Trainee: 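If you scroll down you'll find the structure; I have some questions about it.
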Amino acid sequence: MMQFTLNKTVVHIGKAAPELAAWKSGAGAYENKEDAFFVADLSDIVNKFRLWTSLLPRVQPFYAIKCNDDPCVLGVLAQLGTGFDCASKDEIQRILDMKVSPNRIIYANPCKQKSYIEYAAKHDVSMMTFDNEIELYKIKTIFPDAKLVIRIMPPDDTKSLRPLGMKFGCDPNDAGHLLRIAKELDLNVIGVSFHVGCSCYDGSAFAEAVASAHSVFQVAEEVGFNFDLLDIGGGFPGQWSDKIAIKKLCDKLTPALDRYFPEDSGVRLIAEPGRYFVESAFTVAVNIIAKRVMPRDNPSGYSDGLSGDKEPHYMYYVNDGIYGSFNCLVYDQIEIEPLLLKTLEPGVATYSSSIWGPTCDGLDCIKKQCLLPELNTGEWLAFRNMGAYTMCAASDFNGMPKPRCYHTIRESCWYVVAVLKPSQISDVFLYLVGMVLVD
Ligand SMILES: *Cc1c(COP(=O)(O)O)cnc(C)c1O
């Protein structure tokens, strides 16, 4: 494989993922050859950014870093000019370390540790959210010049797959009370934010929240504030199969923005997408480390509910599971489908199969039932759309390592990473030709 060095970054020239898996199992890889690994296509993030600017040109995205804090993701987004939604001192520090201006950060955690507010104040990260009275008194003593954003509960968060429920956001009817306290404390409140909940497929949830935010703008004016910021939060779906849903969502969101916050209102519009930017960019490849064969009608074996014949049920054990990158199966209601990293003969037989993680916990199952051709230990399975809330929340429970990530980018998007500083991408492999997995 050809390679060259750019700013101390080793750049490999094009290989498709199956070849990557083969290469990885050869001498080129750092780690054990059968270890699970991620492939991230950074061009996918560039394409999502292009889609965003075409659909919501007035709304500046502030990427929610908690969703996936891979250094290349952050570097590419910083280069594209997004802002960042940070929730802790560490997240803020990582963005500032990339030389991103502090005014491109919103500290969007309504309940903050004191020392973190001190850190934000010291580094001029002044935009931050709140949703309660006690937070206002706290901010007054530590960072009285902060630019505060009041977070309201959306009118209806049941239209998202995972509502944030009662944890955050004040009732819009209580906003007046909070804003009067802020005024008495001589604090600077600049606008409103909300979050409709994760994976929202219904634009009317956004539109209703925009209308509700507008009513809070009016209350603020009565209290004596002149708001000029609306933050429409996150919740945008992240798979390319969701593209039509995203467009439909914007068909409802955009008219609401234009009606309540038209261009000439002078209100700056921002959002905090997380999943949207990263979900489809990452694929994880796992290795089959062990295999058991059960008769499908064996009552003491694994039951797939299809008993009664003598066909086998294959149990495959792979080296990443729900304590690792697949923790999203527990926290996020997502559906995953295994892909093979090899081309199949036409008409090959498939069998009832299940896929299990590597730990000793019986709960550690990735897929309870699927149809697969018979596979052998040492073969690979891949899962797409694994970029959101996966590796960032993985643990090394039972001593199982987290997969390493290999980065790829198409030549057409190379300009974005070519200008990144080595500190942002050093020690990362970049593939110049887009790599597509075999479906
Ligand atoms: C998690 C979070 C986001 C991102 O949500 P997605 O559903 O991934 O878009 C945005 N804003 C806040 C305040 C969050 O907590």
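Computed from a predicted structure; not experimentally measured. Counting starts at 1 for both ligands and their atoms, in listed order. Just so it is clear, the values below take in all heavy atoms, side chains as well, and ignore hydrogens, waters and symmetry mates.
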Trainee: Between Tyr63 and Trp52, is the gap from one ring center to the other below 6.0 Å?
Mentor: no
Trainee: Do Gln60 and Arg268 pair up side chain to side chain, a donor and an acceptor below 3.5 Å, judged on atom types alone?
Mentor: yes
Trainee: Do Asn385 and Trp240 have side-chain N/O donor and acceptor atoms under 3.5 Å apart?
Mentor: no
Trainee: Need the ligand 1 atom indices (1-based, order shown) with element for anything under 4.0 Å from a heavy-atom of Gly234.
Mentor: 9 (O), 10 (C)
Trainee: Quick check on contacts: which atoms of ligand 1 are under 4.0 angstrom from a heavy atom of Ala64?
Mentor: 3 (C), 4 (C), 10 (C)
Trainee: If the cut-off is 4.0 Å to any non-hydrogen atom of Gly274, which atoms of ligand 1 fall inside it?
Mentor: 4 (C), 6 (P), 8 (O), 9 (O)
Trainee: At a 4.0 Å threshold, what atoms of ligand 1 neighbour a non-hydrogen atom of Asp85?
Mentor: 10 (C), 11 (N), 12 (C), 13 (C)
Trainee: Could you verify whether a donor N or O on one side chain and an acceptor N or O on the other, from Asp171 and Asn173, lie under 3.5 Å apart?
Mentor: yes
Trainee: Does even one non-hydrogen atom of Tyr389 get within less than 4.0 Å of ligand 1?
Mentor: yes
Trainee: Just by distance, no angles: are the side chains of Glu133 and His177 close enough, under 3.5 Å, to form a donor-acceptor pair?
Mentor: yes
Trainee: Would you mind checking if Glu337 and Arg384 are paired as a salt bridge, meaning a charged N to carboxylate O distance below 4.0 Å?
Mentor: no
Trainee: Can Asp364 and Thr359 be counted as having a side-chain donor-acceptor contact under 3.5 angstrom?
Mentor: yes
Trainee: Within ligand 1, which atoms have a heavy atom of Arg275 less than 4.0 Å away?
Mentor: 6 (P), 8 (O), 9 (O)
Trainee: Provide the number and element of each atom of ligand 1 under 4.0 Å from a heavy atom of Cys198.
Mentor: 7 (O)
Trainee: Of the protein's non-hydrogen atoms, which lies at the shortest distance from atom 11 (N) of ligand 1, and what is that distance?
Mentor: Glu272 OE1, 2.6 Å
Trainee: Is a donor from one side chain sitting under 3.5 angstrom from an acceptor on the other, for Asp90 and Ser88?
Mentor: no
Trainee: Which option, His195, Lys66, Arg151, owns the non-hydrogen atom nearest atom 2 (C) of ligand 1?
Mentor: Lys66
Trainee: When you compare ligand 1 with Gly197, is there at least one nitrogen or oxygen pair between them that comes in under 3.5 angstrom?
Mentor: no
Trainee: Check ligand 1 against Ala108 and write out every atom of the ligand that is under 4.0 Å from a heavy-atom position of the residue.
Mentor: 13 (C)
